[in-house]
Amino acid sequence: MKTKHKNIPIFIPHLGCPNDCAFCNQRRISGRTLFDPETVEAEIETALATLPPDGRADIAFFGGSFTGIDRDLMLRLLSLAEGYVGAGRVEGIRLSTRPDYIDKEILTLLGRYTVRTIELGIQSFDERVLAACRRGHTALQAETACRLVKEAGFQLIGQMMTGLPDATGESERMTAERICALGADGARIYPTVVLRGTELHAMLSDGRYHPLSEEEAVARATDVLAVFLGHDVPVLRIGLQSSEGMTKEHAVAGYHPAMGELVKGELYYRRLCELLSNHPQTRGSRPCFAIPRGELSCVIGQKGENRRRLCERFNLSGIRLVETDAVAAFTVRWLQRDSMPSV
């Protein structure tokens, strides 16, 4: 069995960020209001204590713009993490930052440590969207940063958002396509959440911003997920992680604690619809499909919604699903045998 990889997240909320983007409240997202470097070692030790004997881990500096924080603090944190790498207790270091805080000098510095992965908060390659969000950098700067990261030999993870001001489904798919074309090794998709106290909250209040409905948000994120999968770029996360500091009471609009599950379920629904559309003779029957092991709840959908929609749309008496290791993630396969168990 494949050993599970874990990130040990060290959140440095808003440290290093040169401005407040319209959508951003990193203190709320991370559940932190202050950062105390004296607690980092204890956080790492606590996380390592829960790691299984065969587990693998990276120390991950998330939350702010790591390469923009005070240089002495950055080097101190990197040196601390490097000590764990040297001791064989973790495999490497990863970090997240802004595209405009990446250049050859900083990449050379990072190359002196066991930094393996750099996550760039691209959000969008549409200039109109970047301006509307007061992102503070251009699409060209984001593209240049991606190229520099790859040329320096680091793994690149592209973070993007859907449902931002002035964004369209077309601009979001373009952003995903561009992230793939620039050689990303992975991606994260964040449907926009309107957090209290942000500029986006004010824009919502005075009518300058209209959030997507839950159905629209799921559909748009699913479109983007399909782009990444079509280019064999793995998606590491969909939606903000539920935490002590990120709950519905802190979100004005757009937050769902199981957004990732909803999006994955929608993609499976589309894949099943595609198969059933090519087999009209199944009407009135109960067809059987092979699905990836562990994905049953996603395929069925929350409260069985996918099963209900499929039966209604294609006039089925039911569907049968068989979990197997022989089917890749986000893939469904038609099974003709009638003896498969039903769900």
Side-chain angles (χ1 to χ4, degrees), residues 13-14 17-31 33 63-65 96 98-100 119-142 158-179 187-228 235 237-243 245-260 262-263 266:
H14 214 66
C17 289
N19 68 304
D20 283 319
C21 300
F23 53 79
C24 187
N25 186 339
Q26 280 290 350
R27 291 179 175 82
R28 177 61 63 202
I29 293 170
S30 66
T33 56
S65 296
S96 64
R98 291 169 53 94
D100 49 338
E119 302 203 13
L120 289 183
I122 296 166
Q123 317 315 357
S124 178
F125 273 114
D126 186 321
E127 296 288 7
R128 295 181 310 120
V129 176
L130 294 174
C133 295
R134 300 190 316 181
R135 183 61 182 156
H137 65 75
T138 66
L140 178 59
Q141 285 175 296
Q159 301 176 0
M160 68 167 290
M161 297 179 68
T162 56
L164 287 169
D166 285 351
T168 64
E170 181 180 2
S171 72
E172 290 162 359
R173 292 190 298 274
M174 177 273 292
T175 294
E177 291 279 2
R178 197 77 194 116
I179 290 173
R188 296 182 191 265
I189 305 168
Y190 294 111
T192 297
V193 175
V194 182
L195 297 170
R196 297 187 188 279
T198 61
E199 174 64 19
L200 196 59
H201 184 190
M203 293 169 68
L204 171 65
S205 299
D206 63 22
R208 288 177 290 150
Y209 173 69
H210 301 282
L212 301 178
S213 68
E214 183 177 295
E215 183 178 357
E216 291 170 328
V218 169
R220 294 257 286 261
T222 304
D223 291 342
V224 168
L225 174 61
V227 170
F228 287 122
V235 174
R237 173 166 291 281
I238 304 167
L240 288 174
Q241 187 169 2
S242 179
S243 69
M246 183 64 248
T247 64
K248 276 191 173 182
E249 71 177 88
H250 300 121
V252 181
Y255 178 67
H256 192 292
M259 178 59 73
L262 294 177
V263 173
E266 177 63 21

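Quick caveat: nothing in here was measured; it's all calculated off a predicted structure.
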Undergrad: If the condition is side-chain hydrogen bond (donor to acceptor under 3.5 Å, both in side chains), which residues does E214 pass it with, not counting sequence neighbours?
TA: none
Undergrad: Roughly how far, to the nearest 0.5 Å, is the OG1 atom of T162 from the CD1 atom of I189?
TA: 7.5 Å
Undergrad: Please enumerate all residues that pass side chain to side chain contact (heavy atoms under 4.5 Å, CB included) together with T222, with sequence neighbours excluded.
TA: V218, V263, E266, L267, R270
Undergrad: Looking only at heavy atoms, what is the nearest atom pair of L164 and E172, with distance?
TA: N-OE2, 4.4 Å
Undergrad: Can you pull out every side-chain hydrogen bond (donor to acceptor under 3.5 Å, both in side chains) where at least one residue sits in residues 121-130? Sequence neighbours excluded, please.
TA: none
Undergrad: Does E119 have any salt bridge (Lys or Arg N to Asp or Glu O under 4.0 Å) partners at least two apart in sequence or in another chain, and if so, which?
TA: R94, R188
Undergrad: Please identify each residue that fulfils side-chain hydrogen bond (donor to acceptor under 3.5 Å, both in side chains) with H201, with sequence neighbours left out.
TA: none
Undergrad: Are any side-chain N or O atoms of T198 and backbone N or O atoms of C24, one a donor and one an acceptor, separated by less than 3.5 Å?
TA: no
Undergrad: Who are the side chain to side chain contact (heavy atoms under 4.5 Å, CB included) partners of P165, not counting sequence neighbours?
TA: A132, C133, L200, M203, Y209
Undergrad: Apply the test side chain to side chain contact (heavy atoms under 4.5 Å, CB included) to residues R208 and E199: give CA-CA distance (whole Å), side-chain angles for both, the deciding distance (0.1 Å), then the verdict.
TA: CA-CA 11 Å; R208 288 177 290 150; E199 174 64 19; 3.2 Å; yes
Undergrad: Would you name the heavy atoms of S96 and Q159 that are closest together and state the gap between them?
TA: CB-NE2, 4.1 Å
Undergrad: Between M161 and T192, does the side chain to side chain contact (heavy atoms under 4.5 Å, CB included) criterion hold? Intermediate values first, please.
TA: CA-CA 6 Å; M161 297 179 68; T192 297; 3.8 Å; yes
Undergrad: Using the side chain to side chain contact (heavy atoms under 4.5 Å, CB included) criterion, which residues pair with A187? Sequence neighbours excluded.
TA: F228, V233
Undergrad: Quick check: closest heavy atoms across V193 and A251, and the distance to 0.1 Å?
TA: CG1-CB, 3.7 Å
Undergrad: Starting at CG of L195, measure out to CG of L240 and round the result to the nearest 0.5 Å.
TA: 7.0 Å
Undergrad: Please identify each residue that fulfils side chain to side chain contact (heavy atoms under 4.5 Å, CB included) with A258, with sequence neighbours left out.
TA: H256, E261, Q302
Undergrad: At their closest point, which heavy atom of A142 faces which heavy atom of F125, and how far apart are they?
TA: CB-CE2, 3.7 Å
Undergrad: For residues M259 and P191, report the shortest heavy-atom separation together with the two atoms involved.
TA: CG-CG, 3.8 Å
Undergrad: CD1 of I179 to CE of M174: how many Å apart, nearest 0.5 Å?
TA: 10.0 Å
Undergrad: List the residues meeting side-chain hydrogen bond (donor to acceptor under 3.5 Å, both in side chains) with S213, not counting sequence neighbours, and say none if there are none.
TA: E216
Undergrad: Between V227 and D223, is a side chain to side chain contact (heavy atoms under 4.5 Å, CB included) present by the stated rule, with each step listed?
TA: CA-CA 7 Å; V227 170; D223 291 342; 6.0 Å; no
Undergrad: So, for C21 and R135, which heavy atoms are closest and what is the spacing to 0.1 Å?
TA: SG-NH1, 3.2 Å
